[in-house]
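For reference, the structure discussed in these notes is given below.
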Amino acid sequence: MPELPEVETIRRQLQQHYRGEQIHRLEVHTPTLLKNLSPEALVEAVTGKTIQNFRRRGKFLIFEIDHQQLVFHLGMSGIFVQDVHQSRYPRHIHLSFTFRSGKQLHYQDVRKFGGIWWYRTPHHFPELGMEPLSQNFTLNKFKKLLHLRRMNIKRLLMEQSIIAGIGNIYANEMLFQAGISPLRRSDTLSVDEVRRLHRAIQDVLKAAIERFGTTYSAYRTVEGQSGENQKFLKVYHQQGQPCPRCGKPIQKIVLNGRSTFYCPGCQK
DNA sequence: TCTGACCTGCGA
DNA sequence: TCGCAGGTCAGA
């Protein structure tokens with residue numbers, strides 16, 4: 001499921017509703033989702049502690065708990081729900097927090113592709129590349145990456161060790177906005193194309209965050225709402241529809257094993 | 001670089 | 001019943 005905009009939307013709402021909450025009880029219903037410690041050890045580690053902050057790095061969501069970190073990767077279908085009764089899939093709730101205030105928070109993941117880690121010291125995600133919405137992600141650095149890591153451009157956008165947070169929906173949309181074919185190799189882009197793509201990466205992500213992410217099936221915000229960005233997709237799942245820019249039909253192909261949508265008329 | 005595996009639900 | 005799905009990894 002969630003790419004950077006969905007994880008960021010979830011983070012913002014967790015911050016709004018759960019920052020400063022003290023953990024009264026933690027129940028682990030599915031131990032296999034814990035990747036680096038036992039359920040007993042996690043319960044012991046967090047009970048009585050307070051959540052200071054919620055952060056995001058790429059597609060990872062980080063609960064900061066007394067200078068230690070509980071890290072979630074939401075896989076394809078991970079979400080947080082405030083109330084079990086608002087969940088469509090109560091049997092897929094894997095972790096339940098009860099806070100001293102009486103509030104609850106549940107982690108649900110139908111397909112169980114996600115994972116949960118506990119770090120006693122701040123984890124800096126050495127495996128992840130640049131944050132595309134940070135000041136650090138400059139046009140110059142992006143240009144260098146495209147030449148250093150020569151590969152198919154869509155694959156590069158989705159390669160978490162190069163740029164962190166972009167998945168299949170947004171990679172398709174970014175390449176459309178920039179007018180670049182997903183079949184191109186990264187080191188063949190002109191100066192102007194690199195500039196357009198750098199711009200598109202930030203535009204597409206920011207717009208999707210403003211619209212609370214893209215809901216195709218399972219994704220809901222913490223408050224239980226669907227995202228709104230699906231109403232604004234130009235190419236993703238639009239095969240056969242006329243291109244909004246040139247009118248030619250949007251094509252669907254499989255590239256690097258993933259469904260890929262583009263306009264052969266205006267993405268060169 | 002590609003394919004299958006992980007897991008479940010949904011819609012054609 | 002089959003194909004597909006917002007992700008990632010291992011192995012050929």
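Each chain gets a letter, A, B and so on, in the order its sequence line appears, and its residues count up from 1. We use all heavy atoms of the structure for the numbers below, so side chains are in, but hydrogens, waters and symmetry mates are not. Computed from a prediction, not measured in an experiment: that's the story for all the values here.
- A:Q104 and A:T98 share a side-chain donor-acceptor pair at under 3.5 Å.
- For the pair A:R258 and B:dC2, the criterion of a side-chain N or O lying under 4.0 Å from OP1 or OP2 is not met.
- Note: CZ (A:F261) to C1' (C:dC4) measures 10 Å, nearest angstrom.
- The phosphate of B:dC6 (OP1 or OP2) has no side-chain N or O of A:K112 nearer than 4.0 angstrom.
- As rounded to whole Å, 6 Å separates atom P of B:dC2 from atom CZ of A:R155.
- Taking atom CG of A:L255 as the reference point, atom C1' of C:dC4 lies 17 Å away to the nearest angstrom.
- Contact annotation: A:K252 reaches the phosphate of C:dA5 (side-chain N/O to OP1 or OP2, under 4.0 Å).
- For the pair A:Y216 OH and C:dG7 C1', the interatomic distance rounds to 18 Å; values are reported in whole Å.
- With distances taken from any side-chain atom of A:M76 to the nucleotides C:dG7, C:dC4, B:dT1, the minimum falls on C:dG7.
- Residue A:R91 places at least one side-chain N or O closer than 4.0 Å to OP1 or OP2 of B:dG9.
- Contact annotation for A:G257: no contact, since no heavy-atom pair falls under 4.0 Å across all strands.
- Atoms CD (A:E3) and C1' (C:dT8) sit 13 Å apart, rounded to a whole Å.
- Here A:Y170 lies out of heavy-atom contact (under 4.0 Å) with every strand.
- Between A:N152 atom CG and B:dC2 atom C1' the separation is 13 Å, expressed in whole Å.
- A donor-acceptor pair shorter than 3.5 Å can be found between the side chains of A:H17 and A:E223.
- When the side-chain nitrogen and oxygen atoms of A:H92 are compared with OP1 and OP2 of B:dC7, none of them lie within a distance under 4.0 Å.
- Here A:S259 reaches the OP1 or OP2 of C:dA5: one of its side-chain N or O atoms lies under 4.0 Å away.
- Side-chain atoms of A:E6 and A:Y170 form a donor-acceptor pair, as typed in the model, at a separation below 3.5 Å.
- The listed nucleotides are B:dC2, C:dT8, B:dC7; the one nearest the side chain of A:K59 is C:dT8.
- For B:dC7, there is no paired base (Watson-Crick or G-U wobble, both distances below 3.5 Å).
- For the atom pair NE2 of A:H92 and OG1 of A:T30, the computed distance is 9.5 Å after rounding to the nearest 0.5 Å.
- Salt bridge A:E159/A:R155: absent, no basic N to carboxylate O contact under 4.0 Å.
- Taking every side-chain heavy atom of A:F113 into account, C:dG7 is the closest of C:dC4, B:dC10, C:dG7.
- Separating the P atom of C:dT8 from that of B:dG9 is a span of 22 Å, rounded to the nearest Å.
- Within the structure, a side-chain polar atom (N or O) of A:Y89 is placed less than 4.0 Å from OP1 or OP2 of B:dC10.
- Between the side chains of A:N53 and A:Q15, at least one donor N or O lies within less than 3.5 Å of an accepting N or O.
- The phosphate of C:dG7 has neither OP1 nor OP2 within less than 4.0 Å of any side-chain N or O from A:H73.
- One interatomic measurement links the two molecules: CG of A:L157 to P of C:dT8, which rounds to 14 Å at whole-angstrom precision.
- Within the 4.0 Å cut-off from OP1 or OP2 of C:dG7, not a single side-chain nitrogen or oxygen of A:N168 is found.
- No contact: A:D109 has no heavy atom under 4.0 Å from any strand.
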